[in-house]
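Contents: one structure, followed by commentary.
The sequence lines fix the lettering, A, B, ..., with proteins before strands; numbering per chain opens at 1. All values derive from a computational prediction rather than experimental measurement.
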Number of protein chains: 2
Amino acid sequence: MDESTASPRMNQYEKGKHTPDVQTLKLIADELDVPLNYFFCESESSAKLACIIDKMTEDEKRVLLEHVSKTKLDIKSE
Amino acid sequence: MDESTASPRMNQYEKGKHTPDVQTLKLIADELDVPLNYFFCESESSAKLACIIDKMTEDEKRVLLEHVSKTKLDIKSE
DNA sequence: TTACTAAGATACTCTTAGCCA
DNA sequence: TGGCTAAGAGTATCTTAGTAA
């Protein structure tokens, strides 16, 4: 992002005057070291999970996916 | 979304001519029964996890968060 | 009918300039 | 200085009208 315009733009986003497009959000996400989907999580816990998942390897994510799928089934069968 | 304009708009999104804003994406997400952040996940496994997490209760998410936090620590300590 | 596209109308953001604390 | 805002310039999407399959 061009530094000469970053300040007004960030202010406009924060104050709700304008909304950044996805490309801009990606720059901000990278800067904050969070995944892009972090901004679209609807709960604090989902957002935290998104951050952790983002840092996982594909293998770790696959294992977790199996784990939560089983958990879901267990809950349903109870 | 207004039905009279939905068809051209969806086509323009699919063909990459235009990109929908977040408000529109939310409507599409609700229609597809996926969370909004689904569209911004950078891997298939993250996207699947996002869907499952979205359907969890706050308690379930909290438990999962503790679980993955521990897992992370275990991996680091190994 | 359904899928798709062009192009003008419309509405948005970005940049500049500048104010306020 | 740093935070913030107004307003025009610039650029995007939305709607209409219409073509193709």
Test item: A/Ile28 and A/Phe39 side chains (from C-beta on) under 4.5 Å apart, heavy atoms: yes

Those residues of residues 8-21 of chain A lying under 4.0 Å from DNA chain D by at least one heavy atom: A/Pro8, A/Asn11, A/Gln12, A/Lys15, A/Lys17

Rounded distance (Å) that lies between atom P of C/dT13 and atom CG of A/Leu27: 17 Å

Length of the line joining B/Glu3:CD and C/dT1:C1', which is rounded to integer Å: 15 Å

Electrostatic pair A/Asp2:A/Arg9 at N-O distance under 4.0 angstrom: no

Check: B/His67 and A/His67 side chains under 4.5 Å, non-hydrogen atoms: yes

Partners meeting side chain to side chain contact (heavy atoms under 4.5 Å, CB included) with B/Lys61 (sequence neighbours left out): A/Ser43, A/Ser45, A/Ser46, A/Leu49, B/Ile53, B/Met56, B/Glu58

Residue among A/Asp54, A/Ile52, A/Asp30 satisfying side chain to side chain contact (heavy atoms under 4.5 Å, CB included) with A/Pro35: A/Asp54

